[in-house]
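Have a look at the structure below, then the notes.
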Amino acid sequence: MVIPSSLKNCFQLFYVLKISAAGFKCTANRGLILQSVSSDVYQNLAVEDWIHDNMNLENRQVLFLWRNSPTVVIGRHQNPWQECNLKIMREKNIKLARRRSGGGTVYHDLGNINFTFFTSKKKYERMENLKLVVRALKGLQPQLDVCATDRFDLLLDGNFKISGTAAKLGKTVAYHHCTLLCNVDRLLLSPVLKSPYKGIKSNATPSMPALVKNLFEEDPTLTCEMVMDAVAAEYARCHQIDHHITLINPADETVFPGINNKTKELQTWEWIYGKTPKFSISSCFNIVYEHILLEVKVDIHVKHGRIEVCNIDLPEQWLPPAMCNELEKNLIGSKFCPSETTALASALLRICPQNYELHRKWSLLCENVMTLM
């Protein structure tokens, strides 16, 4: 564990301010600024859900500040295979999360700040929130060239995106959240947000690529704590409330009754992958076996994250058709993921004839099919 140096961070580490649920709701009548002490994306997204589902925001407003450990967050209607490099994410232990709001895919780490603005639906106004952030940043450093665009992004120096926006509109409650790239690992951001998967056909919402830059590249003297405090101060000024940041523990059921069930749901495979809009992937790959180059064509249809149709076309003389058919048949209904395919392929291999050459060919085929996942 890294021990934070600032007094504020020490306070967060050793003492989490607790208030009763009744006190929480009462305080919120005057407006509230919350900051999570967790860097777990599922816990922080669950806070958004909890506030959206449980708080009456008709005459009150809430600002929620939060940061996450390395994570890729996709929009409600997006396809992770289309949006990011799942292989790199698995290798580097980067989490994948699906949020409730729409919009595009973003990369989070502790160098990124997330702001969530909660209001009643009739008071929902994204541009005003972005202008608030701009004022806070210019209050810290007047020379910063930051502006909001018609697409509800924040640009640095007129060209570089430092913030993206998404929102959820309920029946009476709404929230708008945005990122702020302060000092993220750009060497990781770029490859992680570039999908290597070819031949995908999908109606899922695509992300819009953009040039990005870290805010702290313009002013290295800034810190995330300074930025969060400045935004909180400007928010308090605009809404005429006390500039007091309440630190919260997103796992605390005494403050947020039922929140841990929300966190668990956001972590499930069924939510992260199973909510992907139906898609297909038509691809081909080459297998080199004993100096012979073979082309294999694969056509897979996926619904609710599970394989619905699977066709593998390869030379009959290379692998007995019965073995290939058995793989196709068993893949149907299984999760479109390497771990499940590995287990399935291993189980089928145990009932195949004890033939070393067939086993090698089978392993090569399965390994290449899994590269599509």
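None of these values were measured; they are calculated from a predicted model. Residue indices begin at 1 and follow the sequence shown. Values below: all heavy atoms of this structure, side chains included; hydrogens, waters and symmetry mates excluded.
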Within a radius of less than 6.0 Å around CE of M208, do more than 12 heavy atoms belonging to other residues, nucleotides or ligands occur? no
Using a 6.0 Å cut-off, check whether atom NZ of K213 has over 12 heavy atoms from anything other than its own residue. yes
Under 4.5 Å between any side-chain heavy atoms of I312 and L365, yes or no? yes
Hey, are K262 and D53 close enough for a salt bridge, meaning a charged N less than 4.0 Å from a carboxylate O? yes
Are T119 and Q61 close enough that a side-chain donor and a side-chain acceptor fall under 3.5 Å? no
Work out which heavy atom in K121 is nearest to a heavy atom in K171; give both atom names and the distance. CD-O, 3.5 Å
Mind checking whether W66 and F115 have ring centres under 6.0 Å apart? no
Residues E326 and K329 bridged, charged N to O under 4.0 Å: yes
Considering residues, nucleotides and ligands other than H304, do more than 12 of their heavy atoms fall under 6.0 Å from its NE2? no
Considering only heavy atoms from C-beta outward, does the side chain of D49 approach that of H52 to under 4.5 Å? no
Would you check if the side chain of N68 reaches a backbone N or O of T71 as a donor-acceptor pair within less than 3.5 Å? no
Locate the shortest heavy-atom distance separating P257 from W50; write the atom from each residue and the value. O-NE1, 2.9 Å
Report, as yes or no, whether the 6.0 Å neighbourhood of atom CZ on R90 holds more than 12 heavy atoms from other residues, nucleotides or ligands. yes
Shared ILVMFWY cluster between L344 and L372, side chains joined below 4.5 angstrom? yes
Can you name the closest pair of heavy atoms from S101 and A167 and give their distance? CB-O, 3.2 Å
Main-chain N/O of S195 paired with N85 side-chain donor or acceptor, under 3.5 Å: no
Go through E48 and R99 one step at a time and tell me if the salt bridge (charged side-chain N to carboxylate O under 4.0 Å, His left out) criterion holds. CA-CA 10 Å; E48 290 189 326; R99 60 180 183 266; over 6 Å; no
I'd like to know if the side chain of Q78 and the backbone of T105 have a donor-acceptor N/O pair within less than 3.5 Å. yes
Backbone N/O of N112 and side chain of R67: donor-acceptor pair under 3.5 Å: no
Enumerate donor-acceptor pairs with a distance under 3.5 Å from any side-chain N or O in residues 285-296 to protein atoms, sequence neighbours excluded.
none

Do the charged groups of R237 and E234 touch, with an N to O distance under 4.0 Å? yes
Verify, without hydrogens or angle tests, whether S282 (side chain) and G199 (backbone) share a donor-acceptor contact under 3.5 angstrom. no
Carboxylate-amine/guanidinium contact E265 R98, below 4.0 Å: no
Go through the steps to decide whether N114 and T179 satisfy the test side-chain hydrogen bond (donor to acceptor under 3.5 Å, both in side chains), and finish with yes or no. CA-CA 5 Å; N114 302 292; T179 57; 5.6 Å; no
Are L266 and V41 joined in one hydrophobic group, where the rule is that I, L, V, M, F, W and Y side chains link up if heavy atoms are under 4.5 Å apart? yes
Under 3.5 Å donor-acceptor, Q35 side chain and I245 backbone: no
Hits for ring pair (Phe, Tyr, Trp, His ring centres under 6.0 Å) against F118, two or more places apart or cross-chain, chain-then-number order -> Y175
Taking transitive links into account, so neighbours of neighbours count too, which hydrophobic residues share a cluster with L169 at under 4.5 Å side-chain distance? Y124
Can you confirm whether R60 sits close enough to M55 that some side-chain heavy atom of one is under 4.5 Å from a side-chain heavy atom of the other? yes
How about N214 and I162: do any of their side-chain heavy atoms sit closer than 4.5 Å? no
Under the salt bridge (charged side-chain N to carboxylate O under 4.0 Å, His left out) test, residues paired with R76 that sit two or more places apart: none
Test your reading of the model: is there a side-chain donor-acceptor pair from T268 to the backbone of K264, 3.5 Å cut-off? no
Would you call F256 and P250 a side-chain contact if the rule is heavy atoms closer than 4.5 Å? no
Nearest heavy-atom contact between C178 and T165 is CB-OG1, 3.9 Å
Considering only heavy atoms from C-beta outward, does the side chain of Y235 approach that of I33 to under 4.5 Å? yes
For residues 267-285, which residue pairs qualify under salt bridge (Lys or Arg N to Asp or Glu O under 4.0 Å), counting only residues two or more places apart or in two chains? K278-E308
Please identify each residue that fulfils salt bridge (charged side-chain N to carboxylate O under 4.0 Å, His left out) with R186, with sequence neighbours left out. E217
Are F279 and F336 side-chain neighbours, meaning at least one heavy-atom pair lies under 4.5 Å? yes
Do you know the tightest heavy-atom contact between Y197 and T371? CE2-O, 3.6 Å
Do the side chain of S190 and the main chain of L187 share a donor and acceptor less than 3.5 angstrom apart? no
So N311 and D313, side-chain hydrogen bond (donor to acceptor under 3.5 Å, both in side chains) or not? Walk me through it. CA-CA 6 Å; N311 294 305; D313 182 18; over 6 Å; no
For residues I113 and C182, determine if any side-chain heavy atom of one lies less than 4.5 Å from a side-chain heavy atom of the other. yes
I'd like to know whether S207 forms a side-chain hydrogen bond (donor to acceptor under 3.5 Å, both in side chains) with E83, so could you lay out the CA-CA distance, the side-chain angles of the two residues, the decisive distance to 0.1 Å, and finally the verdict. CA-CA 7 Å; S207 295; E83 296 296 331; 2.6 Å; yes
